[in-house]
Number of protein chains: 2
Amino acid sequence: MKDNQEDLIRKLELQIKSSVPGHSVDCVIVGYKDEELQVLMLKQFNSDKWALPGGFIYKNEDIDFAAVRVLKERTGLEYSFLEQFYTFGKYKRRNIEEVINDLKNIGLDSPLIQSWFNQRFISTAYLALVDINECNLKPKGISNNCDWRPVAGITELMFDHNKIVEKAIEKIKKQLNYLPVGKSLLPKQFTMNDLQRLHESILQKKLDRGNFQKKILKLDVLIRREKLYSGAAHKAPYLYEFDDEKYKKLLEDGIAFL
Amino acid sequence: MKDNQEDLIRKLELQIKSSVPGHSVDCVIVGYKDEELQVLMLKQFNSDKWALPGGFIYKNEDIDFAAVRVLKERTGLEYSFLEQFYTFGKYKRRNIEEVINDLKNIGLDSPLIQSWFNQRFISTAYLALVDINECNLKPKGISNNCDWRPVAGITELMFDHNKIVEKAIEKIKKQLNYLPVGKSLLPKQFTMNDLQRLHESILQKKLDRGNFQKKILKLDVLIRREKLYSGAAHKAPYLYEFDDEKYKKLLEDGIAFL
DNA sequence: ACAAAAGTGTTATCCTTACACCCATGT
DNA sequence: ACATGGGTGTAAGGATAACACTTTTGT
């Protein structure tokens, strides 16, 4: 137990020494489960508050790649939708006392670590859209707890992370207008109803069934597969999947669909 | 002359000491003149390349405010459209040798200054839309030249500034779909033709005169004023100005007009 | 009178919206 | 047979795009 702690301290110090000071990345990793958007959150430092997964930027690393690294570390995913969306740089965005306290509580208070976390940090935030079923959550390093939290039920987070999540969700809403986000958030095959409920849960409003279907199909990015017999007492719905070719083309052409 | 140089060095060193290391802001300040979008650019350090106006972030200053400060320093404007749009953090985004060389050439090579500019810098970029007629350009500090450059004719800039400008222009195009940018870029009063040409120069395509007029007027944010007699041999056009109240409301409601 | 550009009108077409209708399925 | 939800159809209204017509102005 003691050794483990020493190990952690040495590891963290090593990371600190090879990272850019004063700047971090935070990832809002969004998935979809139980008909709700979910954000991957973790409890760091034994804190009582949830926080976004984040990381430091190695001295010779592009910040975009730091975000890719964080995403992979937490979910195991290598390729996924990932996009920078805002940089949070308010002078007092972090409550430093809180951090130092948590560090002490968990016994990670070497001088180097203390002075590192005592800095002002500017954080660049990234939005990732992932298929939850493909994620391999692994609590790592100083965070002992890591789980999906429904967007609607998010309470007070660490620092300014509530604002970060808020801005990320806004971003998704806008994305929806020119990007069929289902490709990233749903499993490979899904029913039209699945897709509609996803859109409804993002837009927070009911959509007309018939019109939704027509609109999506007119985009010409879906392939209709065999029917899904769910065992329910009604017509079996078709399964759909995205046509990779056409999806790619849609992205390139940057076509609006609103 | 020597004293002046010493002064500059001391001033710069003072600024360096009170700034956050490794992070800067760059402003793409966009105006409209001669039927073209124009970007405010400057020649720093006697370099042969143009660069965007930028600045460092004081240790106790929000980054947003650093951008406000840069905008004011360069244009004299206090209130204007100003929005963060991207953070550029590639490891090798700046050619450090180039900078050090320029610093030497101009005689600004104290050890502190050298080591400061020798750092990796991550830069958060802001887009400002301004009315050129209201700007008071003032070359200041280490930059001896400062002027409006037409977007179309921009050649090779310092560092990754070409990319920054490119992304800013993309942003404006998107803005145009839900924000009548004329409010920020045109003088208080203008003709419908002025506004149309502005839109055309942003979208890089011709628009139908009749349809444009109807579309804009339907937005219900313009007030029609007296006619403008230009002395030309044709019907005099009306002057228009934005209705501040309705414009504000439009922004709040976030109404799309595409 | 005429050219030039401003303001307004007309029409066909497309897209959106609301809702109705029929179809397949398991009980 | 029937309730349930899936797929498709229709008609009204609104937006868009192309283009024509009328008006005002200085020469």
Side-chain angles (χ1 to χ4, degrees), chain A residues 35 173 176-180 182 186-187 189-241 250 253-258, chain B residues 35 173 176-180 182 186-187 189-241 250 253-258:
Chain A
E35 310 204 355
K173 274 193 200 178
L176 199 55
N177 292 332
Y178 53 95
L179 202 272
L186 292 176
Q189 297 205 336
F190 48 89
T191 66
M192 197 52 84
N193 197 14
D194 291 338
L195 188 59
Q196 182 177 344
R197 293 205 194 190
L198 169 59
H199 280 233
E200 286 177 344
S201 92
I202 292 175
L203 298 175
Q204 291 288 327
K205 68 172 180 185
K206 288 274 165 208
L207 300 172
D208 181 273
R209 199 169 48 84
N211 296 334
F212 181 79
Q213 179 140 192
K214 267 174 284 177
K215 187 167 158 183
I216 297 290
L217 288 179
K218 200 172 37 181
L219 274 181
D220 189 35
V221 282
L222 293 186
I223 308 173
R224 180 176 278 185
R225 299 295 191 191
E226 77 279 15
K227 292 196 168 193
L228 172 72
Y229 290 83
S230 60
H234 57 79
K235 202 167 170 179
Y238 290 105
L239 282 176
Y240 293 90
E241 60 186 68
L250 197 73
D253 299 356
I255 278 160
F257 99 111
L258 169 59
Chain B
E35 308 203 356
K173 273 193 200 178
L176 198 55
N177 291 333
Y178 53 93
L179 201 279
L186 293 176
Q189 296 205 337
F190 49 87
T191 67
M192 197 52 84
N193 197 15
D194 292 337
L195 189 58
Q196 182 178 344
R197 294 205 194 186
L198 170 59
H199 280 235
E200 286 177 344
S201 93
I202 292 174
L203 297 176
Q204 292 286 326
K205 66 173 181 187
K206 289 273 165 209
L207 301 172
D208 181 272
R209 199 171 48 84
N211 296 334
F212 181 81
Q213 179 141 192
K214 269 174 282 176
K215 189 167 157 184
I216 297 289
L217 288 179
K218 201 170 38 178
L219 275 181
D220 189 33
V221 281
L222 293 186
I223 307 172
R224 181 176 279 185
R225 299 295 192 191
E226 76 278 15
K227 293 194 168 194
L228 172 72
Y229 289 84
S230 61
H234 56 78
K235 201 168 171 178
Y238 290 106
L239 282 176
Y240 293 90
E241 60 186 67
L250 197 73
D253 300 356
I255 279 161
F257 100 110
L258 169 62

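No experiment lies behind these values; they were computed from the predicted model shown. Reminder, nothing fancy here: chain letters follow the sequence lines and each chain counts from 1.
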| task | Classify the side chain of A:Arg209 and the base of D:dG5 as holding, or not holding, a donor-acceptor pair under 3.5 Å. | result | no
| message | Starting the side chain at C-beta, find the nucleotide from D:dA17, D:dG6, C:dT17 nearest to A:Pro237. | response | D:dG6
| Is any side-chain N or O of A:Lys218 closer than 4.0 Å to OP1 or OP2 of C:dT16? | yes
| remark: Looking only at D:dT8, C:dT25, C:dC19, the nucleotide nearest the A:Gln213 side chain is D:dT8
| query | Does B:Glu241 pair with B:Arg225 as a salt bridge, N-O distance under 4.0 Å? | reply | yes
| message | From the set C:dG26, C:dA6, C:dA18, return the single nucleotide nearest to any side-chain atom of A:Asp208. | response | C:dA18
| query | A:Leu195 has an atom CG; how far is it from atom P of D:dG6, in whole Å? | reply | 13 Å
| Of A:Lys235 and B:Arg197, whose closest DNA chain C nucleotide lies nearer the 5' terminus? | B:Arg197
| task | Examine distances only and state if a side-chain atom of B:Gln196 and a backbone atom of B:Leu207 form a donor-acceptor pair shorter than 3.5 Å. | result | yes
| request: Take the protein atom NZ of B:Lys215 and the nucleotide atom P of D:dG14, then report the distance between them rounded to whole Å. | output: 19 Å
| Given D:dG7, C:dT16, C:dT25, the nucleotide with the shortest approach to the side chain of A:Tyr229 | C:dT25
| note | The residue, A:Gly210 or A:Lys227, whose nearest nucleotide of DNA chain C is more 5′ is A:Gly210
| task | Using whole Å, report how far CG of B:Leu207 lies from P of C:dA6. | result | 14 Å
| Whole-Å distance separating the CG atom of A:Leu217 from the P atom of D:dG9 | 12 Å
| Separation of atom CZ in A:Phe190 from atom P in D:dG6, rounded to whole Å | 15 Å
| Does a side-chain N or O from A:Asn193 land closer than 4.0 Å to OP1 or OP2 of D:dG6, or not? | yes
| Taking the side chain of A:Asn211 as its heavy atoms from C-beta onward, which of D:dT25, C:dC19, D:dA18 lies nearest to it? | C:dC19
| request: Nearest whole angstrom, please: distance from the C1' of D:dG7 to the CG of A:Leu222. | output: 15 Å
| query | Does the cation-pi check pass for B:Arg224 over B:Tyr238, that is, NZ or CZ under 6.0 Å from the six-membered ring centre and within 45° of its axis? | reply | yes
| Interatomic distance, B:Lys214 NZ vs C:dG7 P [rounded to whole Å] | 13 Å
| field | Among D:dC19, C:dA24, C:dG7, the one nearest A:His234 by side-chain distance | value | C:dA24
| request: Compare all side-chain heavy atoms of A:Asp194 with those of A:Tyr240 and state whether any distance is below 4.5 angstrom. | output: no
| task | Kindly say whether B:Ser201 contributes a backbone atom to a donor-acceptor pair with the side chain of B:Gln204 at under 3.5 angstrom? | result | yes
| message | Using whole Å, what does the distance between atom P of nucleotide C:dG7 and atom CZ of B:Phe212 come to? | response | 12 Å
